[in-house]
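Encoded as structure tokens, the structure appears first; notes follow it.
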Amino acid sequence: MTAHRPGLIALAAAALVAAFLLMPLLAVIPVSFTPARYLSMPNGNYSLVHYQQLFTNPDWGSSILLSIRIGLVASLVATTLATLFALGIWMFRPRFAAVLVGFVLLPMIVPPVVSAMTLYFLLTALSQVSQAVGYDTWLGVVLAHVVMIVPFCVVLILVSLSQVDRRIDLAARGMGATVWQRATRIILPNIKFGLLTAALLSFVLSWEEIGVTLFITSVNAITLPRLMWSGVRDNIDPAIASISVVLIALTTIVLLVRMIYSSLRARRSH
């Protein structure tokens with residue numbers, strides 16, 4: 001074993017761990033090609049009927065579009081709020097900064113069931129004020145998702161800010177730059193990768209959220225995870241396996257693109 005490359009034993013151990021973690025995901029692939037109307041392994045016969053159902057059944061298309069819309073809006077709002085909060089903590093260093101950060105991170109600590117019940121009562125009360133933002137509305141789901149994913153964005157952005165040299169901000173302040181100029185021209189350009197990561201993570205968290213969504217939706221705001229959960233609970237639709245394979249493939253493509261981009265960026269830096 002060299003100083004820069006692991007040995008065969010380490011590679012074999014890593015391969016075994018990766019195989020153990022990936023086996024449940026890989027098992028979904030053959031199930032998605034079953035011709036049966038229930039989840040089962042194909043017995044020599046393979047069919048694309050359940051993949052076709054993803055395009056012919058309007059419920060799948062509407063739930064996917066709704067999840068994308070909710071994920072994009074929730075990601076934008078959550079990243080914006082987290083950025084403003086993190087910048088305020090980093091730039092002004094308030095006396096009770098630790099308390100404020102702890103308060104924002106509460107949704108990460110509180111059990112999801114407690115958060116779901118609290119958001120249910122909140123959205124139910126908002127429904128009496130406005131039908132647009134309340135229980136079983138897509139804006140209500142956005143509001144609930146923002147509450148749940150803001151803490152993760154705050155953590156990522158605070159980590160990015162911790163790597164910024166504070167002296168550049170002090171230099172800009174000494175040269176007469178306003179708070180807005182320091183934030184937009186000095187600090188944010190130095191944490192743009194952290195902001196992008198926070199936005200991507202918040203979208204993924206909103207896209208896959210199911211626990212809270214089950215409490216705050218009924219028949220109108222049916223997201224993709226909720227539709228998949230209903231299919232498993234009610235009729236065990238094999239189309240769930242098909243959409244799972246599609247999501248796994250998309251996730252793999254995104255990860256490969258990110259790895260290639262990081263590799264090219266590292267080569268350019270050297």
Side-chain angles (χ1 to χ4, degrees), residues 67-112 114-116 118-119 122-123 126 133 138-209 212 254-255 257-259 261-262 264-266 268-269:
S67 293
I68 293 175
R69 187 201 318 171
I70 292 174
L72 290 175
V73 177
S75 174
L76 178 62
V77 175
T79 305
T80 302
L81 293 177
T83 302
L84 295 175
F85 175 81
L87 283 176
I89 294 295
W90 190 83
M91 295 178 65
F92 300 107
R93 293 185 177 183
R95 180 178 302 178
F96 303 103
V99 177
L100 295 175
V101 173
F103 179 78
V104 172
L105 298 184
L106 274 179
M108 295 178 61
I109 304 172
V110 176
V114 176
S115 299
T118 303
L119 291 169
L122 172 63
L123 294 178
L126 289 177
V133 183
W138 77 274
L139 286 177
V141 177
V142 168
L143 177 60
H145 285 191
V146 167
V147 173
M148 299 301 297
I149 64 183
V150 160
F152 298 92
C153 294
V154 168
V155 171
L156 288 175
I157 296 175
L158 285 177
V159 171
S160 298
L161 286 172
S162 66
Q163 300 175 2
V164 177
D165 191 348
R166 191 175 291 272
R167 290 175 295 182
I168 62 175
D169 180 52
L170 295 177
R173 181 180 178 182
M175 297 180 66
T178 62
V179 174
W180 175 257
Q181 291 173 333
R182 290 158 52 198
T184 56
R185 299 184 182 181
I186 304 298
I187 302 175
L188 291 181
N190 283 279
I191 62 170
K192 57 183 178 181
F193 185 75
L195 295 177
L196 180 61
T197 304
L200 179 61
L201 177 64
S202 60
F203 176 81
V204 172
L205 291 175
S206 175
W207 172 272
E208 68 179 10
E209 166 57 42
V212 172
V254 171
L255 290 176
V257 171
R258 185 180 183 278
M259 291 172 60
Y261 172 76
S262 300
L264 293 176
R265 186 178 179 184
R268 291 177 182 177
S269 62

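In what follows, residues are counted from 1 in the order of the sequence shown.
- Side chains of V147 and V212 form no contact here, defined as non-hydrogen atoms less than 4.5 Å apart.
- Summarising the geometry, atom CD1 belonging to I187 is positioned 7.5 Å from atom CD1 belonging to I168; distances are rounded to the nearest 0.5 Å.
- The heavy-atom pair separating R182 from A172 by the smallest distance is CG-CB, 4.0 Å.
- Under the side-chain contact (heavy atoms from CB on, under 4.5 Å) test applied with L72, the options L76, I70, I68 reduce to a single match, I68.
- Here the closest heavy-atom approach between residue K192 and residue P189 is recorded as CG-O, 3.5 Å.
- Side-chain contact between L143 and L126 is present, with at least one heavy-atom pair separated by less than 4.5 Å.
- The shortest distance between side-chain heavy atoms of F85 and I157 does not fall below 4.5 Å.
- Annotation: the span from L205 atom CG to C153 atom SG amounts to 7.5 Å, rounded to 0.5 Å.
- The closest side-chain heavy-atom distance from L188 to T83 is below 4.5 Å.
- Judged by distance alone, the side chain of S206 and the main-chain N or O of S202 form no donor-acceptor pair under 3.5 Å.
- Between L105 and P151, the shortest heavy-atom contact is CD2-O, 3.6 Å.
- Remark: W180 CH2 to T184 OG1 distance equals 5.5 Å, nearest 0.5 Å.
- Counting heavy atoms from C-beta outward, I149 and F203 have side chains that stay 4.5 Å or more apart.
- You'll find the side chain of V73 reaches within 4.5 Å of the side chain of W138, heavy atoms only.
- With values rounded to the nearest 0.5 angstrom, Q181 atom CD is found 14.0 Å from R173 atom CZ.
- Contact detail for M108 and F152: the closest heavy-atom pair is CE-CE2, 3.9 Å.
- From F193, atom CZ reaches atom CG of L196 across 7.0 Å, with rounding to the nearest 0.5 Å.
- Between T79 and A199, the closest heavy-atom pair is OG1-CA, 3.4 Å.
- R167 contributes atom CZ, which lies 12.5 Å from atom CG of D169 (distance to the nearest 0.5 angstrom).
- Residue R69 places its CZ atom among more than 12 non-hydrogen atoms of other residues, nucleotides or ligands, all under 6.0 Å distant.
- Considering all non-hydrogen atoms of both residues, L87 and A183 come closest at CD1-CB, 4.3 Å.
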